[in-house]
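Worksheet for the structure shown next.
Numbering of ligands and ligand atoms starts at 1, following listing order.
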Amino acid sequence: MSQTTASPKASHPRWLRLTHWLNALAVLVMVTSGWRIYNASPLYDFSFPNSITLGGWLAGALQWHFAAMWFLAINGLIYLAFNLFSGRLKRRFFPVSPKGVLHDLWAALRGKLGHADLNHYNQVQRFAYLFVMVDILLLVLSGLVLWKSVQFPLLRELLFGYEGARRVHFFAMALLVAFVAVHLVMVALVPKTLWAMIVGRKEQV
Ligand code: HEM
């Protein structure tokens with residue numbers, strides 16, 4: 001949707017800011033309660049420190065996890081629907097190509113990537129944001145298999161059975177945590193983006 005009038009416009013509309021912060025909260029609850037659930041039956045040779053988990057014990061963690069999963073999935077669907085039907089998804093996140101991502105990454109590493117226009121995501125951001133959308137989708141789908149394994153036989157087979165789905169769920173979580181860590185560093189490096197995500201920045205477009 002092209003804007004022809006020079007009217008002031010928020011770089012981040014209200015629906016985006018709301019769904020973004022609700023998503024951040026849901027992800028925090030899902031990940032920390034998920035760690036507690038993992039600790040009850042670890043897949044690998046380590047556990048997460050209980051002090052950074054949520055729920056107090058397995059049953060408590062499951063309740064948090066099951067409550068927040070609705071929140072995460074419904075909020076995510078609202079975010080995707082707004083993005084798709086407004087044409088914003090295409091406008092903001094495409095085109096994106098391996099060459100473009102590498103080019104912008106190289107420019108960023110040399111401190112040569114500008115942040116003047118908050119209405120424009122560079123290719124590294126595009127890739128990272130699209131990646132996390134797909135990653136959360138994978139988390140929800142593999143979570144469905146773990147929750148209702150018998151009811152989703154096709155999904156279960158696609159994710160290499162129940163045990164396979166557990167591993168997919170675990171690695172998708174690890175990638176999500178890695179994304180959040182990098183995301184927070186990026187935000188700290190360019191703090192004005194945080195302000196825009198909180199209040200929406202009025203810009204001439
Ligand atoms: C306290 C934690 C977080 C902070 C402070 C934060 C901050 C921000 C900021 C400032 C932006 C705008 C970036 C820009 O304009 O250049 C942004 C965008 C975004 N963030 Fe976060 N974020 C947080 C957590 C998360 C989490 C947990 C996720 C997902 C797992 C996430 C996913 C995204 C996505 C997908 C966008 C792009 C949104 C769009 O334009 O449609 N963020 N975040």
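- Considering only heavy atoms from C-beta on, Met30 stays 4.5 Å or farther from Leu139 through its side chain.
- Among Leu194, Val187, Val190, Asn23, the residue whose heavy atom lies closest to atom 26 (C) of ligand 1 is Asn23.
- At a 4.0 Å cut-off, at least one heavy atom of Arg88 sits close enough to ligand 1 to count as contact.
- The shortest heavy-atom contact between Tyr162 and Ser149 is CD1-OG, 3.8 Å.
- Checked by atom type and distance alone, the side chain of Tyr38 never pairs as donor or acceptor with a backbone atom of Ser33 at under 3.5 Å.
- Taking atom 11 (C) of ligand 1 as the reference point, the nearest protein heavy-atom neighbour is Met197 CE, 3.7 Å.
- Across all their heavy atoms, Val96 and Gln123 have their closest contact at CA-OE1, 3.3 Å.
- Ring orientation note: the planes of Phe66 and Trp147 are tilted relative to one another, at an angle of 30° to 60°.
- Checking Ser11, Ala26, Ala24 against atom 24 (C) of ligand 1, the nearest heavy atom belongs to Ala24.
- Between Asn119 and Arg92, the side chains place a donor N or O and an acceptor N or O closer than 3.5 Å (distance only, hydrogens not considered).
- Heavy atoms of Leu118 stay at 4.0 angstrom or farther from ligand 1.
- Annotation: angle subtended at atom 21 (Fe) of ligand 1 by His20 NE2 and His183 NE2 is 170°, to 10°.
- The aromatic rings of Phe82 and Trp15 lie parallel to each other, their planes meeting at an angle below 30°, with 60° marking the opposite boundary.
- If you look at Leu184 next to ligand 1, the close heavy atoms, those under 4.0 Å, all belong to the side chain.
- The distance from ligand 1 to the heavy atoms of Phe179 drops below 4.0 Å at these ligand atoms: 28 (C), 29 (C), 31 (C), 32 (C).
- Of all the heavy atoms of Thr193, the ones lying under 4.0 Å from any atom of ligand 1 are found in both the backbone and the side chain.
- Residue contacts with ligand 1: Tyr79 is placed with a nitrogen or oxygen under 3.5 Å of a nitrogen or oxygen of the ligand (distance criterion only).
- What you find for Ile136 and Asn23 is that their closest heavy atoms are CD1-OD1, 4.0 Å.
- The aromatic rings of Phe179 and Tyr129 sit perpendicular, their planes meeting at an angle over 60°, well past the 30° parallel limit.
- Rounded to the nearest 0.5 angstrom, Gln125 CD and His120 NE2 are separated by 8.0 Å.
- In this structure, the protein non-hydrogen atom closest to atom 40 (O) of ligand 1 is Tyr121 OH, 2.5 Å.
- Any N or O atom pair closer than 3.5 Å counts here, and His12 shares at least one such pair with ligand 1.
- Looking only at protein heavy atoms, the nearest one to atom 30 (C) of ligand 1 is Leu176 CD1, 3.4 Å.
- Applying the 4.0 Å criterion to heavy atoms of Val180 picks out, from ligand 1, the atoms 27 (C).
- For Gln125, every heavy-atom contact with ligand 1 shorter than 4.0 Å involves the side chain, none the backbone.
- Selection from Phe93, Trp21, Tyr129 by nearest heavy atom to atom 4 (C) of ligand 1 gives Trp21.
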